[in-house]
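Worksheet: the structure to be examined is printed underneath.
These values consider heavy atoms only, across backbone and side chains, with no hydrogens, waters or symmetry-generated copies.
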Amino acid sequence: MNNDKVIENIKEELKVVFFNSYEDIKSQLEKDFDTFFEISKSKLERWMILFSTGDITKEELEWLLKSQLDIVVLKTLQANGLSKIRLNTIKKNIVKIILKVIMDVIIPGT
C-alpha cells in the first residue's frame, strides 16, 4: 500500500466534494485541510497500517479520525464564526470521505 498515494487520494476527494459544496468558505476550508494534513499525515499513515493489519477495527479508525479532526481541523472556519451545526456537518462528512478512501484501498469493493 502506497500511503502517500492514499493521502493524495483523500486530499483530492475532499477537495472535489467540499470545494464544490462550500464555495462560500472554500479558502478557509483549504487552509484547514492543509493544516490537518500537515499535522496528521504520520498518524493517518500509522492508522492505515494498523487497520490494514487488523490491529484496529473500522470503528476504532473512525473514532481516531474524529478525535484528530476535533483537535486540529476547522479552526479557521470556527474563528470566522461558522455555526457549530455547519462545522459538525462538515466534520462528519470529512470523516466519511477519509474512511471511504481508506476502506476502498484496503478492502476494495466496500
Query raised in the report: Does R46 pair with D55 as a salt bridge, N-O distance under 4.0 Å?
Result: no
Query raised in the report: Does a salt bridge link K58 with E62, judged by any charged N lying under 4.0 Å from a carboxylate O?
Result: no
Report task. May I ask whether V16 and F36 are part of the same hydrophobic cluster, defined by side-chain heavy atoms of I, L, V, M, F, W, Y residues being less than 4.5 angstrom apart, directly or through others? Result -> no
Query raised in the report: Between CG of L61 and CD1 of I98, what distance do you get to the nearest 0.5 Å?
Result: 9.0 Å
Requested in this report: Supply the atom-to-atom distance K15 NZ to K26 NZ, rounded to the nearest 0.5 angstrom.
Outcome: 9.5 Å
Query raised in the report: Residues in salt bridge (charged side-chain N to carboxylate O under 4.0 Å, His left out) with K11, at least two apart?
Result: E8
Query raised in the report: Rounded to the nearest 0.5 Å, how far apart are CD1 of I90 and CG of L69?
Result: 11.0 Å
Report task. Please lay out, stage by stage, how L44 and L65 fare under the test side chain to side chain contact (heavy atoms under 4.5 Å, CB included). Result -> CA-CA 8 Å; L44 285 171; L65 290 169; 3.5 Å; yes
**Report entry** Flag, side chain of S52 to backbone of I49, donor-acceptor distance under 3.5 Å
**Finding:** yes
Query raised in the report: So, do W63 and V95 sit near enough that their side-chain heavy atoms are less than 4.5 Å apart?
Result: no
Query raised in the report: Is there side-chain contact between K43 and L64, with heavy atoms separated by less than 4.5 Å?
Result: no
Query raised in the report: So do the side chains of D4 and E45 get within less than 4.5 Å of each other, counting heavy atoms only?
Result: yes
Report summary line: Which of V105, V101, I102 passes side-chain contact (heavy atoms from CB on, under 4.5 Å) with M48? It is I102
Requested in this report: Please step through side chain to side chain contact (heavy atoms under 4.5 Å, CB included) for the pair F51 and T57, ending with a clear verdict.
Outcome: CA-CA 6 Å; F51 180 68; T57 65; 5.8 Å; no
Query raised in the report: Stepwise, does the side chain to side chain contact (heavy atoms under 4.5 Å, CB included) test hold for V6 with I10?
Result: CA-CA 6 Å; V6 175; I10 291 169; 4.1 Å; yes
Report summary line: Distance col, row K66:NZ vs I94:CD1, nearest 0.5 angstrom, shows 13.0 Å
Query raised in the report: Looking at OG of S42 and CH2 of W47, how far apart are the two atoms once the value is rounded to the nearest 0.5 Å?
Result: 9.0 Å
Query raised in the report: When rounded to the nearest 0.5 angstrom, what distance separates CZ in F33 from CG in L14?
Result: 4.5 Å
**Report entry** Derivation and outcome, side chain to side chain contact (heavy atoms under 4.5 Å, CB included), residues F18 and I25
**Finding:** CA-CA 9 Å; F18 282 95; I25 55 172; over 6 Å; no
Query raised in the report: Do you know which two heavy atoms are closest between T53 and L50, and how far apart they sit?
Result: OG1-O, 3.1 Å
